[in-house]
Participant: 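This is the structure I want to talk about, given as structure tokens.
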Protein chains: 2
Amino acid sequence: MIGHSAKIPLPSLKRLPGYVHFLRSLKCEGVATVSTTAIGRALRLDPTQVRKDLACTGAEGRPRVGYRVDDLIVVLEEFLGWRNVSEAFLVGAGHLGSALLGYEGLRNHGLDVIAAFDSHPAKVGQDVHGVKVLDIERLPGLARRMGVHIGVLTVPVDAAQEVAERMVEGGILSIWNFAPVSLQLPEKIFVQNGELYAQLAVLLRRTEEAVSRKTPSTPEVA
Amino acid sequence: MIGHSAKIPLPSLKRLPGYVHFLRSLKCEGVATVSTTAIGRALRLDPTQVRKDLACTGAEGRPRVGYRVDDLIVVLEEFLGWRNVSEAFLVGAGHLGSALLGYEGLRNHGLDVIAAFDSHPAKVGQDVHGVKVLDIERLPGLARRMGVHIGVLTVPVDAAQEVAERMVEGGILSIWNFAPVSLQLPEKIFVQNGELYAQLAVLLRRTEEAVSRKTPSTPEVA
DNA sequence: AGAAAAAAGAGAAAAAAATCTCTATTTCCA
DNA sequence: TGGAAATAGAGATTTTTTTCTCTTTTTTCT
Ligand SMILES: NC(=O)c1ccc[n+]([C@@H]2O[C@H](COP(=O)([O-])OP(=O)(O)OC[C@H]3O[C@@H](n4cnc5c(N)ncnc54)[C@H](O)[C@@H]3O)[C@@H](O)[C@H]2O)c1
Ligand SMILES: NC(=O)c1ccc[n+]([C@@H]2O[C@H](COP(=O)([O-])OP(=O)(O)OC[C@H]3O[C@@H](n4cnc5c(N)ncnc54)[C@H](O)[C@@H]3O)[C@@H](O)[C@H]2O)c1
């Protein structure tokens, strides 16, 4: 169960994992307490904002001291649902899918991919980083029987919609979609897009801005 | 050059790639014009919001008709800098790095990874999906000589800070960082984090909400 | 012990983003 | 040809998010 069912602003929720990563590094260094000032300096965030975010999770600090690092990690991990991981199915054991399957990081972040699915005969039956690849036909039945609610979608664009519908058929409630398409599914199904391209768009724009700062006054006509 | 240097809200910029993906699929189906109402329905966004986003890029539509799909794609791709791709270096030819190197999608989205770097002797000299893997030691020199401004960072957490500093040493201005650490770099360097964990946090929370909706009134004490 | 400094926490203000309202334009249809 | 419907576009409003201000608490230093 994910802690503190209270409503948290979406931007705050998205910042929480970053806090945990930073806190874990502090813990490794043996730091016992930390202030929002210090967190903000490290993560380039306003200290007040950090304080507000932490308050949403129920964390409590002490004036002049800050927060106990150990306790704060526990509270945040609890809040994020990282302490009892959720089971998920992954479809598309290709390049990206295999990278995710081999990434032990997911389990540390609340997600346990317990099986993979593919349609290609060469993939079915394989064992990718310890995860069995099954025939996609078996997904709906297994998802329903095992009560799996999360699907990770790493198939090519053309197959994405079809595979997503298979997931829904199996009772999947949320889909993490890495294909660059907008899936058309019942409204109750939550779709989290990979947003690789959104990130890239920001990166390219900022880079362009930085380059033109370095090379000022470049007239288009000479 | 990235078009229309005008300031666009960050959330708007992030939505643009999704519009392009949808428009491309319309084009494949032979659709000639599209309204913001239709875009909004497909992407689950408010039509006014779509219109505001498109206005930022300089796109113009006609009442009662909407936007010409072909033209809109061109305007958006121009705006996003997808028409003349930017060159980038990637460091860390492991699982994730290889997946990205083999992904022709990046080039369609404005990024051309022209070389990869690694520190492991077994990786150096290899050819991953047509991209040469070079020794990390050569990165600063090559980056500076070739005028590469973007770095993609896919090394383990422990190496991330060190590698990032190498990139900065080579004149890299922006870093796409997939390691779960907050890089400490000069303020002028732009860091776009992979945000995998932020997405996962949202996914888990929404799933939890959906599950508890399906299983209402679960008292903690019987 | 008392003063000073640092930081949490609460509330107010400001900024940013999303949504709503209205008008003008264009096309379709009778 | 005239009316109805759909939609872009501009501006106003509301909501959300971020930032600022002030108060209180705790610790450290003299
Ligand atoms: N490779 C990357 O780095 C990367 C990055 C971001 C997004 N993506 C996206 O992720 C998706 C996968 O990319 P990839 O590079 O891993 O592709 P890939 O071709 O390596 O892998 C796709 C896998 O999906 C399987 N598949 C195809 N149709 C299927 C179906 N109907 N049912 C089940 N399995 C099916 C294929 O057999 C294959 O194993 C694409 O949509 C791509 O745009 C990839
Ligand atoms: N695998 C995934 O799906 C995934 C997803 C999200 C984030 N990440 C993150 O991406 C990073 C890489 O993950 P991975 O699974 O690809 O790991 P990996 O171990 O497969 O690859 C890491 C690569 O970096 C190289 N490397 C290590 N130290 C280096 C150095 N100092 N200089 C140059 N190269 C060096 C290694 O030789 C290796 O090739 C990690 O930080 C991980 O947390 C991975």
Side-chain angles (χ1 to χ4, degrees), chain A residues 4 6-19 22-23 26 31-73 75-76 79 195 198 201-202 205-206, chain B residues 4 6-19 22-23 26 31-73 75-76 79 195 198 201-202 205-206:
Chain A
H4 238 261
K7 215 173 124 258
I8 182 177
L10 201 60
S12 299
L13 177 59
K14 289 183 176 174
R15 282 188 293 265
L16 297 185
Y19 299 147
F22 177 61
L23 292 166
L26 288 184
V31 178
T33 62
V34 66
S35 70
T36 54
T37 318
I39 297 175
R41 197 164 37 233
L43 276 68
R44 295 201 200 171
L45 295 169
D46 185 280
T48 315
Q49 188 168 63
V50 178
R51 218 174 291 138
K52 289 250 154 95
D53 290 345
L54 297 184
C56 291
T57 68
E60 286 183 11
R62 286 200 309 183
R64 178 69 209 236
V65 179
Y67 300 78
R68 283 190 47 75
V69 173
D70 286 347
D71 298 352
L72 193 49
I73 290 175
V75 170
L76 292 181
F79 186 91
E195 288 177 11
V202 175
R205 180 145 283 258
R206 288 287 158 81
Chain B
H4 237 260
K7 216 174 125 259
I8 182 176
L10 202 61
S12 299
L13 178 58
K14 288 185 176 172
R15 281 188 293 264
L16 297 184
Y19 300 147
F22 177 61
L23 292 166
L26 288 182
V31 178
T33 62
V34 67
S35 69
T36 54
T37 318
I39 298 175
R41 199 164 35 232
L43 276 70
R44 296 201 200 173
L45 294 170
D46 186 280
T48 315
Q49 188 169 64
V50 177
R51 217 174 292 138
K52 289 252 153 91
D53 291 344
L54 297 183
C56 290
T57 68
E60 286 184 9
R62 287 198 311 182
R64 179 67 209 238
V65 178
Y67 299 78
R68 281 190 49 76
V69 173
D70 286 347
D71 297 352
L72 194 49
I73 290 174
V75 169
L76 292 181
F79 187 91
E195 289 178 10
V202 176
R205 179 145 286 256
R206 287 288 159 83

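In what follows, every chain begins at residue 1, and chains take the letters A, B, ... in the order their sequences are listed.
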Participant: Would you mind pulling out the nucleotide paired to D:dC29, Watson-Crick or G-U wobble, both distances under 3.5 Å?
Facilitator: C:dG2
Participant: Tell me the interatomic distance from B:Gln49, atom CD, to C:dT19, atom C1', rounded to whole angstroms.
Facilitator: 9 Å
Participant: Could you state the atom-to-atom distance from NZ of A:Lys14 to P of D:dT18 in whole Å?
Facilitator: 11 Å
Participant: Name the nucleic acid region contacted by B:Thr48, choosing base, sugar-phosphate or nothing; use a 4.0 angstrom heavy-atom cut-off, strictly under.
Facilitator: base
Participant: Is A:Arg62 side chain donor-acceptor paired with the C:dA8 base, going by distance under 3.5 Å alone?
Facilitator: no
Participant: Look at the side chain of A:Pro63 and decide which nucleotide, out of D:dA8, C:dC20, C:dA8, has an atom nearest to it.
Facilitator: C:dA8
Participant: Where each residue is assigned the nucleotide of DNA chain D containing its nearest heavy atom, which of A:Leu10 and B:Ser35 is assigned the position nearer the 5′ end?
Facilitator: B:Ser35
Participant: Return the value, rounded to whole Å, for the distance between atom CZ of A:Arg51 and atom P of D:dT24.
Facilitator: 16 Å
Participant: Could you state the CD1-P distance from B:Ile39 to D:dG9, rounded to the nearest angstrom?
Facilitator: 12 Å
Participant: Contact class for A:Thr36 vs. all strands (heavy atom < 4.0 Å): base, sugar-phosphate, or nothing?
Facilitator: sugar-phosphate
Participant: I need the CD-P distance between A:Glu60 and C:dA7, as an integer number of Å.
Facilitator: 19 Å
Participant: From A:Leu43 CG over to A:Ile39 CD1, what is the distance, rounded to the nearest 0.5 angstrom?
Facilitator: 8.0 Å
Participant: Give me the atom names and distance for the closest heavy-atom approach of B:Tyr19 to B:Val50.
Facilitator: OH-CA, 3.6 Å
Participant: For the side chain of B:Lys52, counting heavy atoms from C-beta on, which of D:dA12, D:dT19, D:dG9 is nearest?
Facilitator: D:dA12
Participant: With a 3.5 Å cut-off and just heavy-atom distances, do the side chain of B:Arg64 and the base of D:dA8 make a donor-acceptor pair?
Facilitator: no
Participant: Nearest whole Å is fine: how far is D:dT18 P from A:Leu13 CG?
Facilitator: 12 Å
Participant: Would you say C:dA18 has OP1 or OP2 under 4.0 Å from some side-chain N or O of B:Arg15?
Facilitator: yes
Participant: Should the pair B:Arg51 and B:Tyr67 be classed as cation-pi, given the thresholds of under 6.0 Å to the six-membered ring centre and 45° from the axis?
Facilitator: no
Participant: Which value, rounded to the nearest 0.5 Å, describes the distance between B:Leu16 atom CG and B:Asp53 atom CG?
Facilitator: 6.0 Å
Participant: Rounded to whole angstroms, how far apart are CD1 on A:Ile8 and P on D:dT16?
Facilitator: 15 Å
Participant: Which distance, rounded to the nearest 0.5 Å, do you find between the CG of B:Leu13 and the NZ of B:Lys7?
Facilitator: 12.0 Å
Participant: Please give, in whole Å, the distance from C:dA16 P to A:Asp46 CG?
Facilitator: 14 Å
Participant: Does D:dT23 have a Watson-Crick or wobble mate here (both distances under 3.5 Å), and if so which one?
Facilitator: C:dA8
